[in-house]
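Source: prediction; values computed, not measured.
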Amino acid sequence: MTDIRRTVLWVVFTASLFLLWDGWQRHNGHPSMFSPAPRPVAAASAPAGAPNAGVPAAAASTGAAAPTAAAPAAAPSEKVTIRTDVLTVTVDTLGGDIVRAELPKYLTSPDPTVTDQLLQMVHLKQPAPFTPEPVVLFNAAQHYRAQTGLVSAQGPLPAHTTPMTVVAGERELKDGQDEIKLRLESAEVGGVKLVKTFTFKRGAYTVGVTHEVINAGAAPVTPQVYLQLVRDGSTVTGGAAFTPSFTGPAVYNDKTKFKTIKFEDIDKNKVDIEKTANDGWVSMVQHYFASAWLVNEPGNREFFVRKLPGQVGLRADTYATGMVFTLPTLAPGASTTQSATLFAGPQEENNLAKLAPGLERVKDYGMLTIIAEPLFWLLDKLHGLIGNWGWTIVALVLLLKIALYGLNASAYRSMAKMKALAPRINDLKERYKDKPQEMQQEMMRIYREEKVNPIGGCLPIFAQMPIFMALYWVLLSTVEMRQAPWILWITDLSVRDPYFILPLLMMASSLFQVWLNPPAADPMQQKMMWIMPVAFGIMFFVFPAGLVLYWLTNNILSIAQQWMINKQLGVN
């Protein structure tokens, strides 16, 4: 019975690791074992620089007419670049779209200086020149941009396809400045003029966007302001249960709460969100980073998520999510303003929570959010004291070991006693090999007399597995650990160990644990007990170094505790 339970435990552990391995493979761009490969993206049929002309469906559903766009190829366009200490944003004067956002403090790959110096010391290679490339959110390659404009049931108004004029102003945040503004003005369309003012602040991954709507015509008009995020769906990943990260739209309001929408669900018209609410925001989520339109002031708004129709300048698989706000009716000569905030930056959980209710939920913890969130909270507090994410993980394991000391000690005593009883059990199996029922009865009698729980050794692994898997998602989703170094060759805890040193150490420690534990009675199972750590160690080669560090530290502390208990009980 003990051997069967042990086998079941290893099967559960193996299945968990295979699911994590599959998720890690898909995170690195490889096809899933459980879902089809990502669908191909149709090639664009227009020049890459042509603007999007998608109009929010929510505005159309209220009876508003689509804005009439000038021919994209002929429309004048100027790219205006604004630089702050944390953002480099490019605005297209054709409609006032934000078409590029660089994050200079986040690089696409870590600086390899430390690793290169280490290798040079052992004469393996010379340091290569390193050119830092910042992470880019909005970009032309994915037709990813933030758009705003006006629509009305009474006719076309200035939209994101309307040429605008730049009002002179500074383009770079200088020392001593806290903010700079960019002002764009449209010509009259349908008797209405639109003025967009972008406000960039020091240290902020947010851009304030104010829409001033002026009725310069002779008739009243009821305009609607739309805010939308547009991008193609070429980076969609598989939909297995343990998806490593989500890419696509997300909507939050007081009715829907938080909901992510897969691109394939949009294709199938399976978008299940509340279309109207009094609060909320929309977002485009990707691994580690996100963009979002935020309007925190209460007010009725209409939400939409849809696939844009194919047209000139638009890829075949392009999607939009956004909100529409109906403004007061403007008499001739009257004006009104509407303000919004565009977020484009890292998924720093603590900062996201300050920007808008529920915005921290764009950080994808998968199915283990209930464990991962308090785990990140604890890691964040420890990091505030320690200052290094690698040693923070070591400290986390130490705290967990202290918290689970009683459970582990009981389990290790049970395992030590079972190791001491192994000769008696083996003799019992030999004497009752033809009487399995009597053998089981005698075994249980011995366990009762010696006060041994035959499945007690399984409890520590069962207790650790949810934490282990939750930590996997914390490492995979936490941008603070992205490119976070530990010591020497470990320059990024969120990716695999480049030289597989930690996985090999973890494998060795697991084999030593097998030696400490009581042997299985069945020879085949005994061989499997030695083979499994090797198989798991090889699988850990592709896991994040931080996760391997966690398991290695756990093994070392477990070995120390087991060794101490074995000595106390006189078990060799």
Side-chain angles (χ1 to χ4, degrees), residues 6 9-25 27-28 115 118 242 244 375 379 388-402 404 408 411-412 415 457-476 478 481 484-517 527-564:
R6 181 183 294 170
L9 178 63
W10 279 114
V11 169
V12 172
F13 188 44
T14 304
S16 301
L17 286 176
F18 266 110
L19 288 169
L20 291 175
W21 179 77
D22 179 65
W24 187 248
Q25 285 291 94
H27 163 60
N28 285 282
T115 302
L118 186 66
F242 284 81
L375 192 61
L379 280 167
N388 178 286
W389 283 108
W391 293 118
T392 296
I393 292 172
V394 173
L396 173 70
V397 181
L398 184 59
L399 287 180
L400 292 174
K401 277 294 180 184
I402 293 173
L404 298 172
N408 288 331
Y412 295 148
M415 294 169 69
C458 302
L459 296 178
I461 295 180
F462 274 128
Q464 288 287 329
M465 279 309 298
I467 299 171
F468 171 76
M469 297 179 71
L471 182 63
Y472 172 83
W473 298 116
V474 171
L475 286 169
L476 192 66
T478 299
M481 291 193 193
W486 178 40
I487 57 172
L488 299 177
W489 74 99
I490 302 296
T491 58
D492 189 349
L493 288 163
S494 68
V495 300
R496 65 174 177 81
D497 181 338
Y499 309 116
F500 310 114
I501 296 173
L502 288 180
L504 289 172
L505 292 174
M506 193 277 296
M507 187 189 306
S509 65
S510 297
L511 289 170
F512 189 69
Q513 277 187 301
V514 173
W515 179 79
L516 279 176
N517 293 336
K527 291 179 181 178
M528 287 300 298
M529 294 296 292
W530 288 100
I531 293 173
M532 294 303 283
V534 177
F536 293 154
I538 294 172
M539 191 178 297
F540 269 72
F541 280 17
V542 298
F543 278 8
L547 192 69
V548 185
L549 175 62
Y550 168 88
W551 202 256
L552 172 62
T553 307
N554 181 72
N555 278 0
I556 292 172
L557 294 177
S558 297
I559 288 169
Q561 190 175 8
Q562 178 75 72
W563 185 274
M564 181 181 66

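Partners of Thr478 according to the side chain to side chain donor-acceptor pair (under 3.5 Å) rule, which considers only residues two or more places apart in sequence or in another chain, are Lys363. With sequence neighbours excluded, the residues forming a side-chain contact (heavy atoms from CB on, under 4.5 Å) with Val397 are Lys401, Tyr550, Thr553, Asn554, Leu557, listed by chain and number. Every side-chain contact (heavy atoms from CB on, under 4.5 Å) that Ala395 has, sequence neighbours left out, goes to Leu382, Ile386. For Trp486, the side chain to side chain donor-acceptor pair (under 3.5 Å) test picks out no residue, with sequence neighbours left out. Every residue two or more places apart in sequence or in another chain that forms a side-chain contact (heavy atoms from CB on, under 4.5 Å) with Ile556 is listed here: Leu552.
Rounded to the nearest 0.5 angstrom, Leu547 CG and Arg496 CZ are separated by 15.0 Å. In this structure, CG in Asp497 is found 3.5 Å from CD1 in Ile490, a value given to the nearest 0.5 Å. In this structure, CH2 in Trp389 is found 6.0 Å from CG in Leu379, a value given to the nearest 0.5 Å.
Under the side-chain hydrogen bond (donor to acceptor under 3.5 Å, both in side chains) criterion, the residue pairs touching residues 501-510 are Ser509-Asn555, Ser510-Asn555, with sequence neighbours excluded.
Between Phe541 and Phe500 the shortest heavy-atom distance is O-CE2, 3.6 Å.
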